[in-house]
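One structure is given below, encoded as structure tokens.
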Amino acid sequence: MEKVTMADVAREAGVSKSTVSQYLNKRYEYMSEKTKQKIEEAIDSLGYQPNFLARSLKQKRTSLIGIIVANITHYFSTEVSRAIEDFFHQYDLQTIVCNADDDPDKEKKYIEMLRAKQVDGLIIFPTGKNNELYESMINQGYPVVFVDRKVENLDVFSVITDNTESTCKAIQHFIENGHKNIAFAVQPLTVSTRIERLEGYKKALNDAGIEVNPNYIIEASIPEMKKKLEELFSLDVKPTALFAANDRVFIALGEFLKEKGMKFGKDLDVVVFDNIPFSQMLETTLSFIIQPAAKMGTKAAELLYQQIRKEDHDPEVFVFPSEIK
């Protein structure tokens with residue numbers, strides 16, 4: 001079957017080829033509703049499919065945005081990605097989401113692949129381990145925004161939350177409720193979010209005159225987390241409260257407590273730093289530090305869109321406050 005062209009559509013609609021082009025590019029300023037309807041009907045009847053590759057080469061834009069998520073299993077990452085997709089949808093830009101699994105090599109390959117596909121810009125939850133590549137993009141003026149995590153010594157648009165302050169407030173709440181033996185569980189301290197949350201934990205204890213007990217700080221990968229929790233709860237003086245630094249740590253903790261016949265709230269008070277879906281359905285009321293994921297995703301998208309449109313703004317770090325619930 002012979003391919004339907006723009007000229008065929010123009011002929012069928014009884015308009016010029018340039019008018020069809022204006023319609024496809026949504027430039028309707030001087031186009032009547034009747035003309036728009038005629039072109040739409042011609043496209044439908046002929047089954048015309050626009051050549052987006054040719055259009056991209058002509059416009060030097062692909063209308064594609066890359067999102068590289070550190071770990072897609074975090075519900076927060078899904079919420080942010082959804083907000084980014086919603087923002088760009090209104091401008092007819094599509095998103096490609098890639099999951100780096102907190103692996104710098106995988107992140108590097110995705111950055112290189114997406115740039116080879118000439119996506120118009122990247123929003124990255126950075127591993128923090130590809131600094132030369134990040135710096136190269138920034139120096140080239142390539143549109144890029146970091147979300148959730150900071151990378152030190154890089155002048156780049158970033159959208160984060162107040163990790164240290166929110167964690168400090170949560171630990172202070174524990175202390176106000178009479179807890180002194182407070183544990184902190186976190187994945188390896190390789191990214192800014194985890195480091196900042198640990199700083200908030202230590203600050204709250206120091207401010208209250210409580211000595212930081214290194215035995216109460218668990219740093220482990222998720223597969224190793226239960227083993228570390230076993231060691232923690234084998235101490236002579238066991239913690240009465242625990243801060244879970246994200247949702248994956250919280251899930252590992254929940255599995256451990258269930259195996260031990262322990263319960264949230266009864267045997268251990270817990271605060272979780274992360275957005276947990278359906279948390280209101282849990283039998284025991286827990287405290288959660290909720291990040292404004294939708295607002296953060298929308299802001300990241302706005303910042304990237306400004307760069308794509310060549311709007312001149314100096315890079316900034318935007319800090320969104322989280323809320324304890």
Heavy-atom check, side chain of [X] versus side chain of [Y], under 4.5 Å:
{"X": "L304", "Y": "I65", "result": "yes"}
{"X": "V249", "Y": "V186", "result": "no"}
{"X": "V159", "Y": "F146", "result": "no"}
{"X": "I217", "Y": "N215", "result": "no"}
{"X": "F125", "Y": "V80", "result": "yes"}
{"X": "I182", "Y": "N213", "result": "no"}
{"X": "L232", "Y": "S234", "result": "no"}
{"X": "F264", "Y": "L253", "result": "yes"}

Test your reading of the model: is there a side-chain donor-acceptor pair from [X] to the backbone of [Y], 3.5 Å cut-off?
{"X": "E219", "Y": "A185", "result": "no"}
{"X": "R149", "Y": "P126", "result": "yes"}
{"X": "D8", "Y": "T5", "result": "yes"}
{"X": "T167", "Y": "G200", "result": "no"}
{"X": "T240", "Y": "H179", "result": "no"}
{"X": "E12", "Y": "I43", "result": "no"}
{"X": "Q291", "Y": "S322", "result": "no"}
{"X": "N99", "Y": "I72", "result": "yes"}
{"X": "Y201", "Y": "V212", "result": "no"}

For [range], pull every pair meeting salt bridge (Lys or Arg N to Asp or Glu O under 4.0 Å), keeping only residues two or more places apart or in separate chains.
{"range": "residues 131-146", "result": "none"}
{"range": "residues 310-325", "result": "R309-E311"}
{"range": "residues 186-195", "result": "D102-R194"}
{"range": "residues 244-255", "result": "K226-E255"}

- Looking at V271, L268, V272, which hits side-chain contact (heavy atoms from CB on, under 4.5 Å) with L242?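 Of all the options given, the one that passes is L268.
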- Given F157 and V147, is the side chain to side chain contact (heavy atoms under 4.5 Å, CB included) satisfied, shown in steps? CA-CA 9 Å; F157 287 101; V147 177; over 6 Å; no
- Message: Before we go on, tell me: are the rings of F233 and F256 under 6.0 Å apart, centre to centre?
- Response: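 They qualify: ring centres under 6.0 Å apart.
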With [X] via side chain to side chain donor-acceptor pair (under 3.5 Å) - residues at least two apart:
{"X": "S166", "answer": "D162"}
{"X": "K129", "answer": "none"}
{"X": "D207", "answer": "K203"}

- Short N-O contact, K228 and E224, less than 4.0 angstrom: no
[atom1] of [X]: more than 12 outside heavy atoms within 6.0 angstrom?
{"X": "K38", "atom1": "NZ", "result": "yes"}
{"X": "K202", "atom1": "NZ", "result": "no"}
{"X": "Q37", "atom1": "CD", "result": "no"}

- Sequence neighbours excluded, the answer for side-chain contact (heavy atoms from CB on, under 4.5 Å) partners of M31 is T19, Q22, Y23, Y28, T35, K36, I39
- Query: When clusters are formed from ILVMFWY side-chain contacts under 4.5 Å, directly or step by step, what else is grouped with I160?
  - Reply: V317, V319
- Keeping to residues at least two apart or across chains, list the side chain to side chain donor-acceptor pair (under 3.5 Å) pairs with something in residues 293-304.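 Sorted pair list comes back empty.
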- Can you list the residues that meet the salt bridge (Lys or Arg N to Asp or Glu O under 4.0 Å) rule with D105, with sequence neighbours excluded?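 For D105, no residue satisfies salt bridge (Lys or Arg N to Asp or Glu O under 4.0 Å) once neighbours in sequence are set aside.
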- Item | side chain to side chain donor-acceptor pair (under 3.5 Å) between E196 and T164, intermediate numbers included | CA-CA 5 Å; E196 290 169 357; T164 302; 4.9 Å; no
Do any side-chain atoms of residues 83-95 form donor-acceptor pairs under 3.5 angstrom with protein atoms, and if so which ones, sequence neighbours left out?
residue, atom, partner, partner atom, Å
D86, OD1, R82, NE, 3.1
D86, OD2, R82, NE, 3.1
Q90, NE2, F87, O, 3.1

Quick one: [atom1] on [X] to [atom2] on [Y], what's the gap to the nearest 0.5 Å?
{"X": "M225", "Y": "I218", "atom1": "CE", "atom2": "CD1", "value": "6.5 Å"}
{"X": "E230", "Y": "E259", "atom1": "CD", "atom2": "CD", "value": "9.0 Å"}
{"X": "I138", "Y": "N131", "atom1": "CD1", "atom2": "CG", "value": "9.0 Å"}

